[in-house]
4 protein chains.
Amino acid sequence: MRPVDPARQAERVQQILNAALECFREKGFHGAAMSVICRKAGMSPGHVYHYFRSKEDLIEAIIEEDIRRSEERMTTLLGGEDTYQALNDAMSCLWEKLDEGLKGALEGEIMAEATRNPRIAKIVRDREQRFRTMLGDLLKAAQARGSIDPEPDPYGFATLLVELVSALKIADDAGTGIDREQVVEAMRFMLRRCLAPRERQVASRADTP
Amino acid sequence: MRPVDPARQAERVQQILNAALECFREKGFHGAAMSVICRKAGMSPGHVYHYFRSKEDLIEAIIEEDIRRSEERMTTLLGGEDTYQALNDAMSCLWEKLDEGLKGALEGEIMAEATRNPRIAKIVRDREQRFRTMLGDLLKAAQARGSIDPEPDPYGFATLLVELVSALKIADDAGTGIDREQVVEAMRFMLRRCLAPRERQVASRADTP
Amino acid sequence: MRPVDPARQAERVQQILNAALECFREKGFHGAAMSVICRKAGMSPGHVYHYFRSKEDLIEAIIEEDIRRSEERMTTLLGGEDTYQALNDAMSCLWEKLDEGLKGALEGEIMAEATRNPRIAKIVRDREQRFRTMLGDLLKAAQARGSIDPEPDPYGFATLLVELVSALKIADDAGTGIDREQVVEAMRFMLRRCLAPRERQVASRADTP
Amino acid sequence: MRPVDPARQAERVQQILNAALECFREKGFHGAAMSVICRKAGMSPGHVYHYFRSKEDLIEAIIEEDIRRSEERMTTLLGGEDTYQALNDAMSCLWEKLDEGLKGALEGEIMAEATRNPRIAKIVRDREQRFRTMLGDLLKAAQARGSIDPEPDPYGFATLLVELVSALKIADDAGTGIDREQVVEAMRFMLRRCLAPRERQVASRADTP
DNA sequence: TATGAATGAGACTTCATTCAT
DNA sequence: AATGAATGAAGTCTCATTCAT
């Protein structure tokens, strides 16, 4: 009777998040009506508002959940010893991984929202900086190990990579007719020229089939 | 009755576009109310709707105007003979130029809108492809001239550059704390490694002041 | 075409105020739904909100209109030279006049609202102080003229009178079974004892039929 | 199963009433949410609704509790032999006593509610009549004893006093800037002129310190 | 007795757009 | 060409109350 069942609570929260994500994907943050989200979550508005105080809170939760997943993905993909190889491997599944995260459309809206909503702004700023730092640290360590070229500024280059990937996702999702294969090739070329450890500068051409 | 005065018409349209741009900048597409745009344009809603059938039309017009300006900018910046030098020079005024176009927030919203609105989608697709083609053609010609490295696929690399620049704008505007100097350095490094003509691969370091 | 027709505007505003007053009377401030007020005013919500930015604004307008009318009534009733006589005459039409103003129920809600809503609080405070001052000035002048007893503090007594009248209205309207005749008699007695000019202290008994 | 423990029940009811009173004071009847009252009472909504069938019931209980306390206060204050003296003494602690009862704001809401809600109406009517009768009886007896002036109609004057006191409370609480000292003086003056027993009509000035 | 999850009607308000002049 | 009055659907959120355990 009395015991607050945390499992049930978590389940409800997940139901709501799933419904919200689906709606946001289809209609965008402002196009998705709370009433529809509630219906899709199989709950009454009152109940949904018991778990999330406002639509904004829901949006924030969605973003934060995506951040968590993205971090995991990044750590898994680039965690190995041979960072250059890892980056190259990551290119192989670039689009596959991009499809897993939030839709590019939402990314666009999130960035727009960040311009005007301080709470979203903080979340986004933290996210971007964490990503840049994570990747930057990784590149720096790789340089120390000699597993990538020591010349580029690791943090500057990390920023470039993070933003580039984000842009590709958005552009692809917006249906701008990105040629995925072509882009992967270009990325590979760029990585080789910028990061390949000296001894692999020539051999590395073998990476590009 | 009264003779149609095309000059007057064009003036009215510009008034509306200016007002709309200002509002969109401040509040975003969906945050900007038509009533406010009308007031700022110094016109009644009825009159504004005489020139634009809907808010969507207005948005489209704004986007198309921005495309025109961006094209001009790109042609001007990268038009010269020495494409590698031009790219490097462009880096010097990268942020300045980015501040001129539509706000990053709007870019984000446009991309999101493109996912759901076919007419916006078409405009955006055309824009992106035109930019990629323009820059790709430019790079290809430069390769032919020997003014940049002949190895990279000009169109793939063009896509990368276009999207990267777009992403930087969005991220910067969203207040993610981009270090503009650091990014410019990284871009320069990347350009040198990827595009610098062979004979300048070493000397090129002088480009980076 | 163009000319903003102020007459029409004023008419619309009056329509809304009338509808609102009627609804507030029936249901109270918070019990009256804007949608009903709109319907009763024969206007769409959007239009009503064109004239009043919020329900609160509407409430304020209603209160302020009532204040204006009450002031007129007070000036008319007590304006004459023989203030004591005027007060006595006012007693004859006390209930009739009270029925003209806002309903007692609304008075109650206004006072409650004033406790929590600063804007209403200001309106109410100004109103009460103006009434007290008006009546106080009047009594003071009457004392100087010798047309009422010089002893009582005119402003303290004015406060008493103002509040007493307000209380009677509220209590009567709340259906507490006030005996109107009896109360008028008591008021007359009180006025005679407290305000009758010395020479009339005895003769005045003739006022009480 | 479990034996009903009436003491425990009464305790629970008191908890609820205390919480409700506190909330009503702060937010008014309609501004106070049941959920907040429940939280403040340390009980679940389900449990609270076990003791009170509705918010209205709770309001009624609060009013009735206040009536009981007010009666006690009145009896205590005015119970003595020398009624005129007692009334004068009551003036000394008028505001202090007023602060003890329900807040003026609530009085306002109660009266408004009485206009529309028959059950509240009955409670309020009974209360007012009981107060008037109590005070009226008291004055009548005092007249018989010669401890106040025999002329005024005891019930009419009682009505006046009861309503006046109620109005002062409401007006004071609504922040209308009542000058408490000034009002007490005016009340004293009024009482002396209207109720002081003949022999004290002159001497009575000593009552006003 | 006691919990807290769950409901759902309904409140206020906004805003793109159309209409009458 | 130009106005601004007018519409009304739809949006977010609240809250008294009930239900299942």
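Here is how names work: the chains are called A, B, and so on, in the same order as the sequence lines, proteins then strands, and each is numbered from 1.
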Nucleotide [N], atom [atom2] - distance to [atom1] of [X] in whole Å:
X	N	atom1	atom2	result
D:Phe24	F:dA16	CZ	P	9 Å
D:His50	F:dC19	NE2	C1'	16 Å
A:Ile37	F:dC13	CD1	P	10 Å
A:Met43	E:dT7	CE	P	8 Å
B:Ile59	E:dC15	CD1	P	14 Å
A:Lys27	F:dG11	NZ	P	9 Å
C:Ile16	F:dT7	CD1	C1'	14 Å

Which nucleotide sits closest to the side chain of [X]: [options]?
X	options	value
C:Arg8	E:dA5, F:dA6, E:dC12	F:dA6
D:Ser54	F:dC13, E:dA2, F:dT17	F:dT17
C:Tyr49	E:dC12, E:dA2, F:dA16	E:dC12
A:Pro45	F:dT12, E:dA5, E:dA9	E:dA9
D:Ser44	E:dT7, F:dA16, E:dT3	E:dT3

Salt-bridge criterion met for [X] and [Y] (N-O under 4.0 Å):
X	Y	value
D:Glu22	D:Arg39	no
A:Arg116	B:Glu109	yes
C:Arg69	C:Glu65	yes

Requested in this report: With heavy atoms under 4.0 Å as the rule, sort C:His30 into base, sugar-phosphate or nothing.
Outcome: nothing
Report task. For C:Tyr51, report the nucleic acid contact type (base, sugar-phosphate, nothing); a contact means any heavy atom under 4.0 Å. Result -> sugar-phosphate
Given [N], is OP1 or OP2 found less than 4.0 Å from the side-chain N or O atoms of [X]?
X	N	answer
A:Gln9	E:dG4	no
D:Arg39	F:dC15	no
D:His47	E:dT3	yes
A:Arg12	E:dG4	no

Query raised in the report: Just wondering, more than 12 heavy atoms not from B:Arg119 lying within 6.0 Å of its CZ?
Result: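 Yes - once you tally the heavy atoms of other residues, nucleotides and ligands closer than 6.0 Å, there are more than 12.
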Query raised in the report: Does atom NZ of D:Lys40 have more than 12 heavy-atom neighbours from other groups under 6.0 Å away?
Result: yes
**Report entry** Watson-Crick/G-U partner (both atom distances under 3.5 Å) of E:dA20
**Finding:** F:dT3
Query raised in the report: Using purine N1 to pyrimidine N3 plus N6-O4 or O6-N4 for Watson-Crick, or N1-O2 and O6-N3 for G-U wobble, both under 3.5 Å, which nucleotide pairs with E:dT13?
Result: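 F:dA10 - that is the nucleotide pairing with E:dT13, both distances being under 3.5 Å.
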Query raised in the report: Given that C:Glu56 and A:Gly42 both sit by DNA chain E, which one's nearest nucleotide is further toward the 5' end?
Result: A:Gly42
Query raised in the report: If you pin D:Arg53 and C:Val48 to their nearest nucleotides in DNA chain F, which one's is more 5'?
Result: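 Nearest nucleotide further toward 5': that of C:Val48.
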Query raised in the report: Of D:Ala32 and A:Lys55, whose nearest nucleotide on DNA chain F comes first from the 5' end?
Result: A:Lys55
Query raised in the report: Is there a salt bridge (Lys or Arg N to Asp or Glu O under 4.0 Å) between B:Arg127 and B:Glu107 once you walk through the steps?
Result: CA-CA 12 Å; B:Arg127 172 183 74 168; B:Glu107 280 295 336; 3.0 Å; yes
